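Keep in mind that what you see is a predicted model, and the values were worked out from it rather than measured.
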Amino acid sequence: MAEQELAFLATNDLCAITRGRAMPLAQLDPATGCGWVPANLGVGAFGTIVEGSPFDATGDLRLIPDQRSTARIDGIPGRPPLTVMLADITHNDGGEWECCPRTFLRHAIRDLEQEAGLQVLGAFEHEFMLASAGPPEPPMSLQAMLRAEPLGTELVGILANAGLQPENWLAEYGAHQCEITIAATDALTAADRAVLLRDIVRNLAHAHGQRATFAPLLEPEAVGNGVHVHFSLRDSSGRPVTYDGARPGRLSAAAGAFAAGIVRHAPALLAFTAASEVSYLRLAPHRWSATHAFLGRHNRESMLRLCPTIDLAGREPAGQLNLEFRAGDATGNPWLVMGLLIRAGLEGIRTKLEAPALIEGPIEEVGEEEQRRAGIIRLPGTLTDALAALEADRVVSGWFAPDLLTVYRALKRDELRRLAELDDAAKCLRYADVY
């Protein structure tokens, strides 16, 4: 009997897990989608509906697919092709549901364009580990890349055929660590691609008898996996407006204010961008991650990095200059992460913040007095601290529907409770199984 191809209507939940429902592709009506349940938003990372969620057994919603997000995933060995469509969660009459993570991002994009006449061009850069008992190959080596074959070549082909525009595939610094980058695009599509990429990688690795995990850490002292968000600003006509050669760091006034908003609200943002307890083991000194909220030039331990441009072959810097947010990992929902960066940046523009001080060297070389003058603050050291910062920052918490914040806090309290008796190594393993 011939296989009937399926379509999967998907949302990405508050624990950054893609959930949804499948149906025969031929029977899909994109105008009506499929049913969904409010209580699904209260399913925790470890698979149960958490206590304290505002959603109970009552209520019904719809998953309405955005046909622009359609990706046909084909070429995974032994797996049939699957059409995935990312969806907005709506009420049964099509009205927006205020707790939908994808709608949160769409509204942030809308407000940035309406208030500031700006758009974000962005991309998510992912690191992950291929779990293996064998000895690691030399970091960043051709040997390491070849040992991962045919997975790498297949992955690049699958992503390209699905429309995700892969750019770079490489063996990274950590043991059995890989990195995949995809081309920059509009903010919504960039976040959609991040959602899809993670499950494509996991599925392909599984088909090869391997396990891929995007968890922040596999072991407390190991190299960690980050998710870095690159972004730049465009005006309503698509013209790059991040660059101004006459200003410090060549950062335009609008881009400087945008960056300043992110730096100012960073402690609260981390509750969503570094959303697990073990995320904060990775966000530690000398781990090529972020410990303080500041803007750095070419510095891979800055929370917000001003990325380099090239002058080769007549390339102009205006279209290249971008910022990289480095205090995130795959426990964060890509729609919420991108939406929060846009909201914080818009807040910086709205309140006319000056660009952050540009830190040239390691943060350890910046004295306490200079840090104070530059407005540099220590980022939260635990998930509990980040959640407290979210509670204290009325601006950031005000961007969310009350029920969304309530269920999010319940989800994180549940995680903390379940992990309370475990040591750090066991916590890393629990998250590695999920992500």
Side-chain angles (χ1 to χ4, degrees), residues 173 216-217 220-221 223-224 226-229 231 247-253 255-308 322-329 332 337 340-341 343-345 347-397 424:
Y173 179 68
L217 286 171
E221 302 304 321
V223 174
V227 174
H228 306 149
V229 186
F231 58 92
R247 290 178 55 85
R250 305 184 300 172
L251 206 59
S252 69
F258 197 94
I262 293 171
V263 170
R264 171 172 288 187
H265 295 287
L269 302 187
L270 257 65
F272 288 92
T273 68
S276 76
E277 188 166 5
V278 301
S279 298
Y280 297 85
L281 301 177
R282 190 183 76 86
L283 297 177
H286 310 301
R287 301 194 73 156
W288 285 40
S289 63
T291 58
H292 291 72
F294 69 95
L295 174 64
R297 191 200 303 267
H298 314 332
N299 182 352
R300 289 175 175 80
E301 290 193 343
S302 55
M303 184 202 73
L304 201 59
R305 183 171 80 105
L306 190 60
C307 296
N322 72 91
L323 293 161
E324 178 189 26
F325 179 78
R326 296 181 56 83
D329 58 55
V337 170
L340 282 163
L341 293 176
R343 286 270 177 222
E347 187 66 19
I349 292 172
R350 185 183 289 138
T351 55
K352 298 180 172 59
L353 295 181
E354 293 293 328
L358 188 58
I359 305 302
E360 298 283 353
I363 190 65
E364 292 87 353
E365 297 178 2
V366 181
E368 289 187 8
E369 179 60 25
E370 185 179 350
Q371 288 188 29
R372 187 190 64 78
R373 289 198 305 270
I376 297 171
I377 58 173
R378 183 70 163 83
L379 291 171
T382 66
L383 178 58
T384 299
D385 291 343
L387 291 168
L390 174 64
E391 185 79 20
D393 191 328
R394 298 301 183 188
V395 172
V396 175
S397 59
D424 287 342

Exercise. Around atom CD of E364, are there more than 12 heavy atoms of other residues, nucleotides or ligands at under 6.0 Å?
Worked result: yes
Problem set entry | Side chain to side chain, L283 and L379, heavy atoms closer than 4.5 Å | no
Exercise. For the atom pair CG (D329) and NE2 (H228), what is the distance rounded to the nearest 0.5 Å?
Worked result: 9.5 Å
Exercise. Do L383 and V278 have side-chain heavy atoms sitting under 4.5 Å apart?
Worked result: no
For this session: Would you indicate whether R305, at its atom CZ, is surrounded by more than 12 heavy atoms from other residues, nucleotides or ligands within a distance under 6.0 Å?
Result: yes
For this session: State, yes or no, whether a side-chain contact exists between F272 and L390 at a heavy-atom distance under 4.5 Å.
Result: yes
For this session: Determine, for E368 against R372, whether the closest basic-nitrogen to carboxylate-oxygen distance falls under 4.0 angstrom.
Result: no
For this session: Ignoring hydrogens and angles, tell me if any N or O in the side chain of N299 forms a donor-acceptor pair with the backbone of G361 under 3.5 Å.
Result: yes
Seminar exercise, completed: Exactly one candidate in Q371, E301, R378 meets side-chain contact (heavy atoms from CB on, under 4.5 Å) with I363; the answer is Q371
Seminar exercise, completed: Closest non-hydrogen atoms of R247 and A355, given as atom of the first, atom of the second and distance, are NH2-CB, 4.4 Å
Problem set entry | Backbone N/O of F294 and side chain of S302: donor-acceptor pair under 3.5 Å | no
Exercise. Does the R287 side chain pair with the main chain of L281, one donor and one acceptor, at a distance under 3.5 Å?
Worked result: yes
Exercise. Taking all non-hydrogen atoms of both residues, which atom of P220 and which atom of L217 are closest, and how far apart?
Worked result: O-CD1, 3.9 Å
Exercise. How far apart are the closest heavy atoms of I262 and F231, and which atoms are they?
Worked result: CD1-CZ, 3.6 Å
Exercise. When you look at R350 and E347, which way does the salt bridge (Lys or Arg N to Asp or Glu O under 4.0 Å) test go after all the steps?
Worked result: CA-CA 5 Å; R350 185 183 289 138; E347 187 66 19; 2.6 Å; yes
For this session: I would like to know whether Y173 and W288 meet side chain to side chain contact (heavy atoms under 4.5 Å, CB included); could you show each step before the answer?
Result: CA-CA 11 Å; Y173 179 68; W288 285 40; over 6 Å; no
Exercise. To the nearest 0.5 Å, what is the distance between CG (L340) and OG1 (T273)?
Worked result: 8.0 Å
Problem set entry | Test log, rule side chain to side chain contact (heavy atoms under 4.5 Å, CB included), inputs H292 and I377 | CA-CA 6 Å; H292 291 72; I377 58 173; over 6 Å; no
Exercise. Does the side chain of R297 reach to within under 4.5 Å of the side chain of I359, using non-hydrogen atoms?
Worked result: no
For this session: Locate the shortest heavy-atom distance separating G256 from P356; write the atom from each residue and the value.
Result: O-CD, 3.5 Å
Exercise. Is the backbone of A274 close enough, under 3.5 Å, to the side chain of Y280 for a donor and an acceptor to pair up by distance?
Worked result: yes
Problem set entry | Minimum heavy-atom distance between A389 and A268, given as atom pair plus value | O-CB, 3.8 Å
Exercise. Do the side chain of R326 and the main chain of R300 share a donor and acceptor less than 3.5 angstrom apart?
Worked result: yes
For this session: Mind running side chain to side chain contact (heavy atoms under 4.5 Å, CB included) on D393 and H265 for me, showing each step along the way?
Result: CA-CA 8 Å; D393 191 328; H265 295 287; 2.7 Å; yes
For this session: Find the distance between CG (L387) and OG (S397) and round it off to the nearest 0.5 Å.
Result: 12.0 Å
Exercise. Which heavy atom in L270 sits nearest to a heavy atom in A327, and how many Å separate them?
Worked result: CD1-CB, 3.9 Å
For this session: Could you grab the distance from atom OG1 of T291 to atom NE2 of H286, nearest 0.5 Å is fine?
Result: 8.5 Å
Exercise. Is there side-chain contact between L251 and L295, with at least one heavy-atom pair below 4.5 Å?
Worked result: yes
